[in-house]
Amino acid sequence: SSGINAEYGGTIVGSASFNLLVITAICIYVIPEGESRRIKEINVFAVTSFFAVFAYIWLYLVIEVITPGVVEIWESVVTFLFFPLIVILAYAADKNFWRKQMEMDGDWNQMQVEAGFSLNGKHAYSR
């Protein structure tokens with residue numbers, strides 16, 4: 001097999017998980033009592049949150065399911081290519097690419113009406 005032994009993969013993944021969880025915990029802990037914070041732009045957060053979970057699922061599949069104990073070259077390349085993908089998708093989310101595309105196609109207003117909202121933030125219908 002032309003792969004790399006994944007014997008220590010758990011250490012790397014465990015360390016990354018620990019860092020992610022500790023950073024999140026500190027960010028929550030330092031908010032003063034009685035105050036709250038909101039995520040202003042949820043689109044980029046949604047993209048990065050998806051990829052954070054997907055990364056652990058992908059690593060599990062690579063290390064335990066697809067080629068147990070070995071990381072093949074193609075798996076390394078695919079894993080590496082996920083990084084530019086997340087950057088491109090996060091950038092597109094930040095620039096509201098999909099919303100702009102739906103607005104150009106006329107789908108955004110229809111989606112707003114179906115959801116019960118208008119573009120000015122008020123309900124598109126009244127009861």
Give the intermediate values and the outcome of side-chain contact (heavy atoms from CB on, under 4.5 Å) for residues F51 and L89.
-> CA-CA 10 Å; F51 272 92; L89 292 177; 3.8 Å; yes
Under a single-linkage definition using a 4.5 Å side-chain heavy-atom cutoff for Ile, Leu, Val, Met, Phe, Trp and Tyr, are I86 and I88 assigned to the same hydrophobic cluster?
->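 Hydrophobic grouping puts I86 apart from I88.
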Would you kindly confirm whether V53 and V87 end up in one hydrophobic cluster when ILVMFWY residues are joined by side chain heavy atoms under 4.5 Å apart?
->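 Shared cluster, yes.
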Establish, yes or no, whether a centroid distance under 6.0 Å links the rings of Y91 and F97.
->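 Not under 6.0 Å, so no.
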Give me the other members of the hydrophobic cluster that I39 sits in, counting Ile, Leu, Val, Met, Phe, Trp and Tyr linked by side-chain heavy atoms under 4.5 Å, directly or via other members.
->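 Members besides I39, by chain and number: I42, F45.
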Closest heavy-atom contact between V47 and A90?
->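 It is CG1-N, 3.9 Å.
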Quick one: which of V71, V70, V78 gives a side chain to side chain contact (heavy atoms under 4.5 Å, CB included) with V62?
->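 Single pass found, and it is V71.
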Please set out all donor-acceptor pairs under 3.5 angstrom arising from side-chain atoms of residues 25-35, sequence neighbours excluded.
{"unit_1": "E35", "atom_1": "OE1", "unit_2": "R37", "atom_2": "NH1", "d": "2.9"}
{"unit_1": "E35", "atom_1": "OE1", "unit_2": "R37", "atom_2": "NH2", "d": "3.3"}

Supply the atom-to-atom distance N19 CG to I23 CD1, rounded to the nearest 0.5 angstrom.
->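 If I round to the nearest 0.5 Å, the distance is 5.5 Å.
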Separation between CZ of F54 and CG of L61, rounded to the nearest 0.5 Å =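 So the gap between those two atoms works out to 8.0 Å.
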Without hydrogens or angle criteria, can the side chains of N96 and N43 be said to hold a donor-acceptor pair below 3.5 Å?
->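 Checked: N96/N43 side chains pair up, N/O donor to acceptor below 3.5 Å.
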Could you name each residue pair satisfying side chain to side chain donor-acceptor pair (under 3.5 Å) that touches residues 58-70, not counting sequence neighbours?
->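 Listed by first then second residue: W58-T79, T67-E75.
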CZ/F83: more than 12 non-hydrogen atoms of other groups inside 6.0 Å |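 No - once you tally the heavy atoms of other residues, nucleotides and ligands closer than 6.0 Å, there are 12 at most.
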